[in-house]
There are 2 protein chains.
Amino acid sequence: MKIGDLARRTGLSTHTIRYYERIGLLPYASRASSQQREYDASILVWIEFLGRLKTTGMPIRDKLRYARLRERGPETQEDRRILLEEHRTRVRTHIAELQACLAVLDTKIAGYAGSDMVEKIDDAATERRKRAVREGLARPLRD
Amino acid sequence: MKIGDLARRTGLSTHTIRYYERIGLLPYASRASSQQREYDASILVWIEFLGRLKTTGMPIRDKLRYARLRERGPETQEDRRILLEEHRTRVRTHIAELQACLAVLDTKIAGYAGSDMVEKIDDAATERRKRAVREGLARPLRD
DNA sequence: TTACAAGTTCGAGCGCACTCTAAGTCAAGG
DNA sequence: CCTTGACTTAGAGTGCGCTCGAACTTGTAA
C-alpha cells in the first residue's frame, strides 16, 4: 500500500502521515522501490488506535511516549498499561464534566423555550454595555 | 470588583480577561475611576457560562456569535436557543464518541493485564522499524 | 509622601497540531 | 518515449487560544 492509499483508508492526509512519521508517531515505513513508502495493512490498526487517543484528547507528546514504549517491545507493557490507565481516568473525568455542562445547557435551553428569568439576568450586563457604546466608551463589536 | 479580584474568582488570568474583552467575549467594563475596570458580580454568571461552552469545546468564534446575539437583546432569543441546541447536539455526539473510545481503551488495558494476542499484533510493526534503524534507514526516535 | 502593588495599552510571542509550498523524482498507461 | 499524476524532501506558514513583555499610570498602606 502506498501513502495515497493509506491516506484514503485512514482519512489522514498524506501530509499528516509523513508528519506523523517524522515526529515518530508512525514507524519508519520501508521504502519498497526507490524512495516511496510501502505500507502493509497492520499499520491501519495502529493508526486507528492513534485516532482513538486523539479523539479522547491525548496530546501528541503523550502519544509519542506511548509509541516509544511500543518501539521498545514487550518489556514495556506495564508502563504502557499505566499510561493508558491514567489516560482513561482523565477521559472519564472529562466525560463527567461534559455531562455536567450538558445539564446546564439543557436548563438554559429550557429557559429560552419558556422565556423566564434567565433572559432578564442575562441581559442586564448587555444593557450596561449598550450604554457604554452610546456614550462612546466602547466600540461596537467587530465582525 | 477590580480585574485582579475577578481573575482570582474565575480562575482566568487578568491577561485573559482583557483579551476576552478585546475580542468581545466580555462586555466592555466600565472604568470606574480613571482607567481601571470595575466589575459587578453579574459578570461572574456570564464568565461561568463561557467556561461551560469552553469545556464543551465550543470555539471562540461561536462563543462570539452567541455573545453578539446577547448584546442585541431579547429579540435574539430564538437564534440563541438554536445556536445552543446545535451545540448540545455536537456535545452529545462527542460524548458518545468518547464513550466508544473508552470501551476500546478498556479492552486494550484488559489485554495488557492478561498479556495476550494484542501484544503480538502491536509489536509486529515495531520489529519492522527496529530493523530499519539497525540498517540506518531510520533515525532512532528523538527526545 | 513615598514605596510598591496592581492596574493600563499595544503588540509580539508561544505551543499545538497540522497544512501547505516549492522544487524536484518516479511509475504506469497510451 | 511521453505525459500525467503520485510520490519525495526540507522548511515555511496557518489558525487557535491564549500568554507575555515593555513601558507606563494609578491606588493604597506605612
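It should be emphasised that the depicted structure is a prediction, and the values quoted were computed from it without experimental measurement. So you know, we letter chains A, B, ... as the sequences are listed, proteins then strands, and number each from 1.
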Exercise. Side-chain contact, heavy-atom cut-off 4.5 Å: A/Thr10 with A/Thr16?
Worked result: no
Problem set entry | Separation of D/dC7 C1' from A/Gln36 CD (nearest whole Å) | 4 Å
Exercise. Nearest of C/dA17, D/dT8, C/dT8 to any side-chain atom of A/Pro59?
Worked result: C/dA17
Problem set entry | N/O (side chain, A/Arg61) to phosphate O (OP1/OP2, C/dC16) under 4.0 Å | yes
For this session: For A/Leu50 and C/dC18, give me the distance from atom CG to atom C1', rounded to whole Å.
Result: 15 Å
Exercise. From the list D/dG17, C/dG7, C/dC18, which nucleotide is the closest neighbour of the side chain of B/Thr14?
Worked result: C/dG7
Problem set entry | Proximity to the side chain of A/Arg22 - top-ranked nucleotide from D/dG17, C/dG11, D/dA12 | D/dA12
Seminar exercise, completed: Out of C/dT21, C/dC16, D/dC18, minimum distance to the side chain of A/His15 belongs to C/dT21
Exercise. What nucleotide among D/dC18, C/dA27, C/dC18 has an atom nearest to a side-chain atom of B/Lys63?
Worked result: D/dC18
For this session: Give a yes or no on this: more than 12 heavy atoms of other residues, nucleotides or ligands lie within 6.0 Å of atom CZ of A/Arg81.
Result: yes
Exercise. How long is the line joining CG of A/Leu64 and P of C/dC16, in whole Å?
Worked result: 11 Å
For this session: Give the rounded distance in Å between these two atoms: CG of B/Leu25 and C1' of D/dC18.
Result: 12 Å
Problem set entry | Rounded distance (Å) that lies between atom P of C/dA27 and atom CD1 of A/Ile3 | 15 Å
Problem set entry | B/Gln35 vs B/Tyr20, nearer the 5' end of DNA chain D by closest nucleotide | B/Tyr20
Exercise. Is a donor on one side and an acceptor on the other found under 3.5 Å between the side chain of B/Trp46 and the backbone of B/Ala67?
Worked result: no
For this session: For B/Ile23 and D/dG15, give me the distance from atom CD1 to atom P, rounded to whole Å.
Result: 16 Å
For this session: Mind checking B/Arg18 for me? I need base, sugar-phosphate or nothing, with any heavy atom below 4.0 Å counting as a touch.
Result: base
For this session: Provide, to the nearest angstrom, the distance between the CD1 atom belonging to B/Ile60 and the P atom belonging to C/dC16.
Result: 18 Å
Exercise. OP1, OP2 of D/dT9 versus side-chain N and O of A/Arg31: anything below 4.0 Å?
Worked result: yes
For this session: Rounded off to whole Å, could you give me the CG-to-C1' distance for the B/Leu6 and C/dT8 pair?
Result: 16 Å
For this session: Check step by step if side chain to side chain donor-acceptor pair (under 3.5 Å) holds for B/Arg72 and B/Thr76.
Result: CA-CA 7 Å; B/Arg72 285 176 41 206; B/Thr76 64; 5.9 Å; no
Exercise. With a 4.5 Å heavy-atom cut-off, do A/Ile95 and A/Val91 have their side chains touching?
Worked result: yes
Exercise. Does C/dC18 have OP1 or OP2 sitting under 4.0 Å from an N or O in the side chain of A/Lys54?
Worked result: yes
Problem set entry | Any B/Arg8 side-chain N or O less than 4.0 Å from OP1/OP2 of C/dA6 | no
Seminar exercise, completed: With the side chain defined as heavy atoms from C-beta on, A/Tyr19 is closest, among C/dT19, D/dT26, D/dT19, to C/dT19
